[in-house]
Amino acid sequence: MTDLVVVGSGFYGLTVAERLATERGLKVLIIDRRSHIGGNAYSANEPETGIEVHQYGAHLFHTSNERVWEYVNRFTAFTSYVHRVYTSHKGEVYPMPINLGTINQFFRSAHGPDAARALIKEQAAELGGKTPENLDEQGVNLIGRPLYEAFIREYTAKQWQTDPRELPASIISRLPVRYTYDNRYFNDTHEGLPVDGYTAWLERMADHPNITVQLDTDFFDTSQPINKAAVVGQVPVLYTGAVDRYFDYAEGELSWRTLDFEQEVLQVGDFQGTPVMNYPDADIPYTRIHEFRHFHPEREYPTDKTVIMREFSRFAERSDEPYYPVNTAADRERLLTYRGLTEGEPNVFFGGRLGTYQYLDMHMAIGAALSLVDNKLSPLFSGTKDV
Ligand code: FDA
């Protein structure tokens, strides 16, 4: 007998399943339409080189949430990896996010923090107090035209496949500029990569006698015994798939951006000397290149081969993987309608990035799943077998 069906084996679904199986002794069935667990955090070793490749784009773990940190450490140890990003503009490489090093290299200057701050403030005053009407004006307003045009404008145009003058100013509310030489990408207390890789971590979460995982099973495929029509109303369901899909797009589709990845094995030991290089210029079609060996300098990878992945960004069609919510005003309105509909579903809980139409980092998905267990699922199952 199954106490709970979890649709989706990403971090959100796995966290809920693991907690309820371990803490309450419940029997949980996880289904996923993919042929592997882990959702977008899944990784696999590239066969020719053995280098771990994050199949759905680079995943860097970071959190300041102590509860999440304690929880994830039950399943994996973390390396001391610290994320840093560089950007290649007009044949020159600069540190990101924009910091004192970037500013001084770009302006061929040796400003201290106050002088750099004054310079950017002066350049950002170009609009003279006018409210920015589009993303282009917003960018200039936030960091001044020279830095915006060099590092942000074309990169954003590539991400959205749209001229920033046609994009709403609301897409960016702030562009971080650091007036120190610190180019550490994340500010969180804890950061690192799982020592044995993401898939080992994800598999350990699912490794419990009360958890059954059934792959290649789409919740909407009525030819499978576990499907929406057969299950909803019979057994509590945690649904972490797309919320609009659940209601058969009755209120229209929520829009997403997707990414295309072009992976290549190169016959060199080191291609770019760093894990991530951004390409903010218009003449290069991709937005960045990942070189996976650099995520694990502690591992013994081949010294004459490397794996790179070029990343391209575009609007998603229905058949694409949905990666980042576009979140237009129409999307927000639609989401509210869908949220209303979710309340009418008997014992179905909607969670995760697809179920809530929200970008969630891994630590956020795990934290939200722990809260759902505390606030809704534990009370629902109270009275059942506490272990
Ligand atoms: P997730 O998408 O992982 O899992 C949902 C699962 O549901 C999928 O396995 C899917 O197949 C399944 N599913 C959907 N519909 C179904 C159906 N009808 N039937 C059955 N199964 C169905 N985070 C971070 O902390 N650091 C990082 O560096 C990155 N990097 C990053 C890069 C890119 C390109 C993306 C898109 C995302 C990140 N993330 C990230 C975010 C991270 O991937 C995210 O936090 C987790 O995927 C969230 O887990 P969920 O379980 O919510 O969704």
Side-chain angles (χ1 to χ4, degrees), residues 5-18 29-43 54-65 68-69 72 78 81 83 85 159 185-186 188 190-194 198-199 201-202 205-206 213-222 224 226-228 231-232 237-249 256-261 275-276 287-288 290 295 309 311-314 316 318 320-325 349-370 372:
V5 171
V6 172
V7 180
S9 64
F11 269 120
Y12 195 99
L14 281 178
T15 302
V16 168
E18 188 282 329
L29 171 64
I30 306 179
I31 64 163
D32 203 295
R33 68 177 176 188
R34 291 178 178 166
S35 50
H36 60 75
I37 66 161
N40 283 356
Y42 172 75
S43 70
H54 305 167
Q55 304 287 318
Y56 300 92
H59 275 65
L60 298 318
F61 190 80
H62 55 99
T63 188
S64 295
N65 181 325
V68 168
W69 183 240
V72 298
F78 287 85
Y81 177 81
H83 195 47
V85 172
Q159 274 184 318
Y185 202 77
F186 300 115
D188 281 314
H190 307 289
E191 180 175 353
L193 290 170
Y198 278 98
T199 297
W201 169 10
L202 294 153
M205 290 181 77
V213 181
Q214 205 174 292
L215 300 172
D216 300 306
T217 305
D218 193 309
F219 193 48
F220 303 102
D221 179 356
T222 48
Q224 308 260 9
I226 301 295
N227 67 71
K228 183 185 170 194
V231 166
V232 171
V237 173
L238 168 68
Y239 176 78
T240 72
V243 63
D244 52 356
R245 173 67 188 95
Y246 183 93
F247 296 102
D248 207 14
Y249 309 105
W256 293 84
R257 277 194 303 121
T258 192
L259 300 175
D260 295 316
F261 300 112
V276 183
T287 50
R288 45 188 183 170
H290 304 278
F295 288 128
M309 196 154 95
E311 190 175 301
F312 303 79
S313 175
R314 63 181 168 82
R318 194 182 279 193
D320 291 319
E321 288 295 342
Y323 281 152
Y324 300 105
F349 300 86
F350 292 79
R353 56 179 205 99
L354 298 167
T356 56
Y357 188 64
Q358 239 186 330
Y359 178 79
L360 296 175
D361 269 329
M362 292 177 278
H363 68 282
M364 295 158 82
I366 295 165
L370 292 173
L372 181 84

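Read the numbers this way: they start at 1 and go in the same order the structure lists the ligands and their atoms. Worth saying up front: this structure is predicted, and the values here are computed from it rather than measured.
Geometrically, ligand 1 and Tyr239 share no nitrogen or oxygen pair separated by less than 3.5 Å. Residue Met362 places at least one N or O, backbone or side chain, under 3.5 Å from an N or O of ligand 1. Annotation: Val7 places no N or O atom under 3.5 Å from an N or O atom of ligand 1; distance criterion only. For ligand 1, the polar-atom distance check finds no N/O of Ala242 at less than 3.5 Å from any of the ligand's N/O atoms. Checked by distance only, ligand 1 and Ala365 stay at 3.5 Å or farther apart across all their nitrogen or oxygen atoms. Of the polar atoms of Ala58, at least one N or O is found under 3.5 Å from an N or O of ligand 1, judged by distance alone. Looking at Tyr323 next to ligand 1, no N or O pair under 3.5 Å apart turns up. In terms of polar-atom proximity, defined here as any N/O pair under 3.5 Å, His62 makes no such contact with ligand 1.
Between the side chain of Thr217 and the backbone N or O of Leu215, at least one donor-acceptor pair lies under 3.5 Å. Judged by distance alone, the side chain of Glu191 and the main-chain N or O of His83 form a donor-acceptor pair under 3.5 Å. Judged purely by atom type and a 3.5 angstrom limit, Asn227 uses its side chain to pair as donor or acceptor with the backbone of Gln224. When atom types are taken as modelled, the side chain of Thr15 and the backbone of Leu370 share no donor-acceptor pair closer than 3.5 angstrom.
Among protein heavy atoms, atom 38 (C) of ligand 1 sits closest to His59 NE2, 3.3 Å. Summary of contacts: the protein heavy atom closest to atom 1 (P) of ligand 1 is Arg353 NE, 3.7 Å. Ranking the protein heavy atoms by distance from atom 14 (C) of ligand 1 puts Gly241 CA, 3.6 Å first. What sits closest to atom 22 (C) of ligand 1 on the protein, heavy atoms only, is Arg33 CG, 3.9 Å. Here the heavy atom of the protein found nearest to atom 40 (C) of ligand 1 is Tyr359 OH, 3.2 Å. For atom 11 (O) of ligand 1, the closest heavy atom belonging to the protein is Asp32 OD1, 2.7 Å.
Ligand 1 has at least one atom lying under 4.0 Å from a heavy atom of Thr217. Residue contacts with ligand 1 leave out Tyr42, since none of its heavy atoms falls under 4.0 Å from the ligand. Residue contact annotation: Phe11 has a non-hydrogen atom under 4.0 Å from ligand 1.
Nearest residue to atom 3 (O) of ligand 1 from Asn40, Thr63, Ile366 is Asn40 (criterion: closest heavy atom). For atom 24 (C) of ligand 1, the choice among Val16, Leu202, Asp361 with the nearest heavy atom turns out to be Asp361.
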Cut-off 3.5 Å, no hydrogens considered: what does the side-chain donor-acceptor table look like for residues 240-247, sequence neighbours left out?
| from | atom 1 | to | atom 2 | distance (Å) |
| --- | --- | --- | --- | --- |
| Thr240 | OG1 | Val7 | O | 2.7 |
| Asp244 | OD2 | Leu254 | N | 2.9 |
| Tyr246 | OH | Glu345 | OE1 | 2.5 |

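For the residue pair Met364 and Tyr359, the shortest heavy atom distance occurs at CE-O, 4.3 Å. Here the shortest heavy-atom pairing between Val6 and Ala17 reads CG2-CB, 4.4 Å. Shortest non-hydrogen contact noted between Arg257 and Ser313 is NH1-OG, 2.8 Å.
In Tyr56, the part holding a heavy atom less than 4.0 Å from any atom of ligand 1 is the backbone. The part of Leu259 lying near ligand 1 is the side chain, judged by heavy-atom distances below 4.0 Å.
Residue His54 forms a ring pair (Phe, Tyr, Trp, His ring centres under 6.0 Å) with just one option from Tyr198, Tyr42, Phe61, Phe261, and that option is Tyr198. The ring pair (Phe, Tyr, Trp, His ring centres under 6.0 Å) test with His190 is passed by exactly one of Tyr81, Trp69, Phe78: Trp69.
For Arg33, the salt bridge (Lys or Arg N to Asp or Glu O under 4.0 Å) criterion is met by no residue, not counting sequence neighbours.
Each of the atoms 32 (C), 33 (C), 34 (C) of ligand 1 lies under 4.0 Å from some heavy atom of Tyr324. Under a 4.0 Å criterion applied to the non-hydrogen atoms of Gly8, ligand 1 contributes the atoms 6 (C), 7 (O), 12 (C).
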